[in-house]
Amino acid sequence: MLKSHYKLQQDVEGAEQEIEESLHLDNLVEAVEEEEQREIVPSAPALPERKLNRSEISVRLTLLGKTAEGDGYTYLKAVCTGMSLTNISAIKSFQHLQFVDVSNNYLTLENLQVVTELPFLLLIHADKNLLNSAGLKKMKYMQVIIMNNNKITSVRDVYQPELCTLEVGYNKIKSIDLYSMPTIKCLDFRYNLIEDISNLNFPNLDSLYLAGNKISSLNGIENLPNLRVLHVRNNPIRILSGFDPELKKLQYVNLRNCKVSSLKQIKKLRVLPALETLVVRGCPYMGGIGEEDAEVAVEEEDEQLRIEVLASLPKLKRLNKGTITPEERTEAKELMKQWIEEGETNEEEIMEEQHHDEEESNVD
């Protein structure tokens with residue numbers, strides 16, 4: 001979850017224990033055994049209804065602040081996590097709420113829609129529920145939707161006129177077929193099933209998190225002129241296409257554990273005028289295997305490879321989370337001079353690499 005956007009506390013382990021206890025597992029096992037004895041395929045047991053009541057909300061209010069009207073003070077946040085809830089209708093009585101966290105419960109989208117009756121709601125946090133969609137009814141002030149670890153398969157029905165952050169990691173989403181909203185600044189679709197991002201159309205997007213998907217091409221990011229952060233760790237990306245000089249604000253690119261295997265691919269990032277931080281650790285070029293691997297993660301980096309990357313991208317300030325040292329910068333300048341003396345021609349390299357990319361694409 002994006003802690004930079006909010007400060008919500010949760011005890012996941014404690015919540016999971018409460019959920020497990022509330023299910024009365026012994027009774028469920030007996031029910032399944034009875035069904036098996038009748039030679040009938042057992043259906044999923046219905047969850048016992050668990051309504052949230054007003055007194056429970058009252059003791060879970062935090063964040064004292066001014067009312068939306070500015071005529072007094074009240075609590076603005078309700079944190080009702082890990083309570084095995086299936087019904088939160090009582091929350092609509094607290095019309096002043098701006099932040100609601102109902103993570104680690106048993107809420108469906110239909111159950112959750114009640115929060116749309118809160119007129120000043122800015123943020124809804126509903127991780128680990130039973131949501132099959134993030135399509136809440138339109139709200140006037142809604143800015144942040146966080147629904148990680150649910151059963152969401154599409155975001156096509158999501159539209160909020162003031163939405164700036166959508167975080168739907170660890171779901172089953174195959175496409176970012178999201179309605180274009182000019183207010184969107186941050187999209188987090190980590191660990192879904194996304195393969196193609198060529199249809200992206202978010203002119204004001206600042207941060208894009210796509211780690212752990214099935215993306216092989218970055219074509220489409222050229223349509224994000226205000227992008228500052230690109231996080232595509234652990235994707236099968238070999239060819240660094242899609243980067244464009246118009247990406248003038250792109251400062252941070254994370255390609256850790258991708259499939260990048262040559263310095264020529266890394267040199268394609270030269271077109272990014274503002275690039276300061278690059279993460280390519282775990283890629284085949286850096287000696288990795290292009291996959292998440294704990295042992296690879298702790299290996300020492302090849303210093304010569306760091307120098308080669310820095311010589312290719314001399315404006316870098318950080319490489320693989322490590323700050324560039326003065327000694328490394330000096331070595332990189334010497335290597336750059338050596339390349340020039342050896343007659344390196346950028347145009348020839350680019351043409352050669354484009355031809356190589358086409359051949360690889362034909363093979364795929």
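- Hydrophobic clustering (side-chain heavy atoms under 4.5 Å, transitive across Ile, Leu, Val, Met, Phe, Trp, Tyr) groups Leu263 together with Leu240.
- Lys315 places none of its side-chain heavy atoms less than 4.5 Å from the side chain of Leu313.
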Identify all side-chain donor-acceptor contacts of residues 129-139 below 3.5 Å with residues at least two apart in sequence or on another chain.
from, atom 1, to, atom 2, distance (Å)
Asn129, OD1, Asn105, N, 3.4
Asn129, OD1, Tyr106, N, 3.4
Asn129, OD1, Leu107, N, 3.0
Asn129, ND2, Val102, O, 3.0
Asn129, ND2, Ala126, O, 3.4
Asn129, ND2, Asp127, O, 3.0
Ser133, OG, Gly135, N, 2.9
Ser133, OG, Asp157, OD1, 3.3
Ser133, OG, Asp157, OD2, 2.6

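- Electrostatic pairing of Glu276 and Lys317 counts as a salt bridge here, judged by a charged N lying under 4.0 Å from a carboxylate O.
- A donor-acceptor pair is defined here as one N or O able to donate and one able to accept, closer than 3.5 Å; no such pair exists between the side chain of Asn235 and the backbone of Ile237.
- Within the cation-pi definition used here (under 6.0 Å to the ring centroid, within 45° of the axis), Arg60 does not qualify as a partner of Tyr75.
- Between Thr67 and Tyr73, the closest side-chain pair of non-hydrogen atoms is not below 4.5 Å.
- Contact annotation: the side chain of Lys77 approaches that of Val79 to within less than 4.5 Å [non-hydrogen atoms, C-beta and beyond].
- Taking hydrophobic clusters as Ile, Leu, Val, Met, Phe, Trp and Tyr residues chained together by side-chain heavy-atom distances below 4.5 Å, Tyr170 does not share a cluster with Val158.
- In summary, the side chains of Glu334 and Gln338 do not present any donor paired with an acceptor at a separation below 3.5 Å, with no hydrogens or angles considered.
- At distances below 3.5 Å, at least one donor-acceptor pair connects side-chain atoms of Thr183 with backbone N or O atoms of Leu163.
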The test is side-chain contact (heavy atoms from CB on, under 4.5 Å); show your working for Tyr209 and Val232 and say whether it passes.
CA-CA 6 Å; Tyr209 298 89; Val232 288; over 6 Å; no
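- Cation-pi contact between Lys333 and Trp339: absent, since separation from the ring centre below 6.0 Å together with deviation from the ring axis within 45° is not met.
- Without hydrogens or angle criteria, Asp71 side chain to Glu69 main chain gives no donor-acceptor distance under 3.5 Å.
- Between Phe99 and Ile124, the closest side-chain pair of non-hydrogen atoms is not below 4.5 Å.
- By the 4.0 Å N-to-carboxylate-O rule, Glu56 lies close enough to Arg50 to be salt-bridged with it.
- In this structure, Glu303 places its CD atom where more than 12 heavy-atom neighbours from other residues, nucleotides or ligands lie under 6.0 Å away.
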Any chance you could lay out the side-chain contact (heavy atoms from CB on, under 4.5 Å) test for Val144 and Leu122, step after step, and finish with the verdict?
CA-CA 6 Å; Val144 180; Leu122 299 175; over 6 Å; no
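- No donor-acceptor pair closer than 3.5 Å links the side chain of Asn234 to the backbone N or O of Arg256.
- With contacts defined as side-chain heavy-atom distances shorter than 4.5 Å, the pair Leu121/Tyr141 does not qualify.
- In summary, Arg306 and Glu328 engage in a salt bridge, as defined by a charged side-chain N under 4.0 Å from a carboxylate O.
- Side-chain atoms of Asn213 and Glu195 form no donor-acceptor pair, as typed in the model, at a separation below 3.5 Å.
- Take Tyr179 and apply the ring-ring contact (aromatic ring centres under 6.0 Å, His included) test, not counting sequence neighbours, and it matches Tyr159.
- Between Asn111 and Asn87 the shortest side-chain heavy-atom distance does not fall below 4.5 Å.
- A 4.5 Å side-chain heavy-atom check between Cys80 and Ile88 finds every atom pair outside the cut-off.
- Residue pairs meeting the side-chain hydrogen bond (donor to acceptor under 3.5 Å, both in side chains) criterion with at least one member in residues 222-233, sequence neighbours excluded: Asp206-Arg228, Asn226-Lys249, His231-Asn254, Arg233-Glu292.
- Between the side chain of Asn192 and the backbone N or O of Ala211 there is no donor-acceptor pair closer than 3.5 Å.
- If you chain together hydrophobic residues whose side chains sit under 4.5 Å apart, Ile145 and Tyr191 never meet in one group.
- Placement of Met336 and Leu269 in two distinct hydrophobic clusters is found when ILVMFWY residues are connected by side-chain heavy-atom separations under 4.5 Å, directly or transitively.
- When atom types are taken as modelled, the side chain of Asn104 and the backbone of Lys128 share no donor-acceptor pair closer than 3.5 angstrom.
- Of the possible polar contacts, none joining the Asn150 side chain to the Ile152 backbone as a donor-acceptor pair under 3.5 Å is found.
- At least one side-chain heavy atom of Ile176 sits under 4.5 Å from a side-chain heavy atom of Ile194.
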